[in-house]
2 protein chains.
Amino acid sequence: MKISEAAAASGCHLETIRYYERVGLMPRPTRTGSGYRAYAPADVERLRFISRGRELGFSLEEIRSLLRLNDDPKLSCGDVDALARAHLADIHQRIEALTRMAGELERVIAQCAGGERGTCTILGALRRTDNNPTPCADPECRP
Amino acid sequence: MKISEAAAASGCHLETIRYYERVGLMPRPTRTGSGYRAYAPADVERLRFISRGRELGFSLEEIRSLLRLNDDPKLSCGDVDALARAHLADIHQRIEALTRMAGELERVIAQCAGGERGTCTILGALRRTDNNPTPCADPECRP
DNA sequence: CTTGACTCCGTAGCTGCTACAGACTTTATC
DNA sequence: GATAAAGTCTGTAGCAGCTACGGAGTCAAG
């Protein structure tokens with residue numbers, strides 16, 4: 001199986017496969033006489049493992065650990081569980097941060113919708129310094 | 001005001017300030033006789049503008065646009081509004097993607113909590129192929 | 001006068017790819 | 001069998017958004 005076929009079968013981009021090999025996530029495949037990479041079904045499975053890990057937001061380093069744990073027959077499920085839980089906590093933090101951003105943005109956008117002259121509340125929110133408070137006179141401005 | 005003071009006053013890392021200058025977000029500041037950068041209060045305000053933009057998740061290119069709109073006296077509030085709304089939509093998409101990830105992760109973690117032997121459901125979820133349930137029975141699989 | 005803190009510039013590193021260029025090999029068509 | 005098209009090879013550079021050096025020059029305190 002050539003690299004483009006492995007790419008199609010795994011869903012990974014062709015150049016990404018070579019990249020995974022370079023960084024040691026994928027083993028160096030056997031080669032044909034002319035030097036082309038030859039992949040076995042097991043390689044495609046490994047690529048899909050990586051790809052699904054990425055879909056779940058794991059970093060390549062985390063996936064490297066997961067692959068090691070997966071390859072090791074004397075399974076340490078606790079480590080996998082800990083890694084996954086830590087990752088989940090991280091995702092929750094990112095969601096929280098983005099939700100805060102979205103909330104704040106919605107607030108300043110909503111204020112802007114009304115007035116179009118001179119005082120753009122969006123730019124105002126970016127300019128605003130703590131000792132130089134809101135340019136908006138409306139008490140609704142700062143909840 | 002020297003660069004470290006501007007850093008302290010703006011909340012930007014010192015090297016980040018130089019970076020912003022290099023990419024053209026910050027103007028080249030005046031220099032002291034010996035070549036040290038000298039910042040005015042307006043520069044610090046601009047840094048804080050950038051910093052708040054980053055806190056709201058805007059990219060540096062978006063912030064570049066916002067700065068241009070902010071600097072331009074004949075204000076085009078509509079452009080600002082459009083930019084902010086597009087950014088907000090993007091944030092919502094990212095939240096959605098992360099929420100999906102979190103949901104799926106929670107699912108496989110919850111399943112794992114029970115059993116600790118042989119079958120780790122987290123690794124199982126990563127290994128799983130929809131059309132090829134068994135790993136590989138064929139001895140040709142591993143070259 | 002020396003020590004230490006600061007600043008300068010340029011460059012390289014980080015993550016996770018993606019996209020070349022230029023050389024080669026394989027496959028398809030005539 | 002010749003030739004064109006498509007695939008593959010390697011190595012390197014680019015993206016965002018910083019951060020962290022190294023080696024040199026500058027400034028203030030003791």
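Remember, predicted model here, so these are calculated numbers, not experimental data. Each chain gets a letter, A, B and so on, in the order its sequence line appears, and its residues count up from 1.
- In this structure, B:R28 does not reach the C:dC8 phosphate: none of its side-chain N or O atoms is under 4.0 Å from OP1 or OP2.
- When the P atom of D:dC18 is taken as reference, atom CG of B:L25 falls 9 Å away, rounded to whole Å.
- Computed from coordinates, the A:L60 CG to C:dC17 P distance equals 5 Å when rounded to whole Å.
- No donor-acceptor distance shorter than 3.5 angstrom exists from the side chain of A:H92 to the backbone of B:A102, with no hydrogens or angles considered.
- If you measure from atom CG of B:L14 to atom P of C:dC6, you get 10 Å, rounded to the nearest angstrom.
- Distance NE2 (A:H13) to C1' (C:dC17): 9 Å, rounded to an integer number of Å.
- Between A:S34 and C:dT26 there is a side-chain N or O to OP1 or OP2 distance below 4.0 Å.
- Residues A:R52 and A:E55 are not paired through a salt bridge, judged by the lack of any N-O separation under 4.0 Å between the basic side chain and the carboxylate.
- As rounded to whole Å, 16 Å separates atom P of C:dT26 from atom CD1 of A:I3.
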- request: Evaluate side chain to side chain contact (heavy atoms under 4.5 Å, CB included) for B:I50 paired with B:C12, printing each intermediate quantity in order.
  value: CA-CA 9 Å; B:I50 298 171; B:C12 294; 5.7 Å; no

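- With rounding to whole Å, A:Y36 atom OH is found 11 Å from D:dG7 atom P.
- If you check every strand for non-hydrogen atoms under 4.0 Å, A:R18 touches a base.
- Under 4.0 angstrom from either OP1 or OP2 of C:dT7 there lies no side-chain N or O belonging to B:R37.
- Dashed line: the shortest gap from a side-chain N or O of B:S4 to OP1 or OP2 of C:dT7 is under 4.0 Å.
- At a threshold of 4.0 Å, the pair A:R94-A:D90 counts as salt-bridged, since one of the basic side-chain nitrogens sits closer than that to a carboxylate oxygen.
- For A:R22 and D:dC9, the CZ to P distance is 13 Å, given to the nearest whole Å.
- Distance, A:E62 CD to C:dT15 C1': 12 Å, rounded to whole Å.
- Heavy-atom distances to DNA chain D give each of B:S59 and A:E5 a nearest nucleotide, and the one nearer the 5′ end belongs to A:E5.
- Within the nucleic acid shown, B:Y20 comes within 4.0 Å of sugar-phosphate atoms alone, with no base atom in reach, counting heavy atoms only.
- The pair A:R100-A:E96 meets the salt-bridge criterion, with a side-chain N (NZ, NE, NH1 or NH2) lying under 4.0 Å from an Asp/Glu carboxylate O.
- When each of D:dA20, C:dC17, C:dT27 is scored by its nearest atom to the side-chain atoms of A:Y19, the top-ranked nucleotide is C:dC17.
- Taking 4.0 angstrom as the limit, A:T16 places a side-chain polar atom (N or O) nearer than this to OP1 or OP2 of C:dT18.
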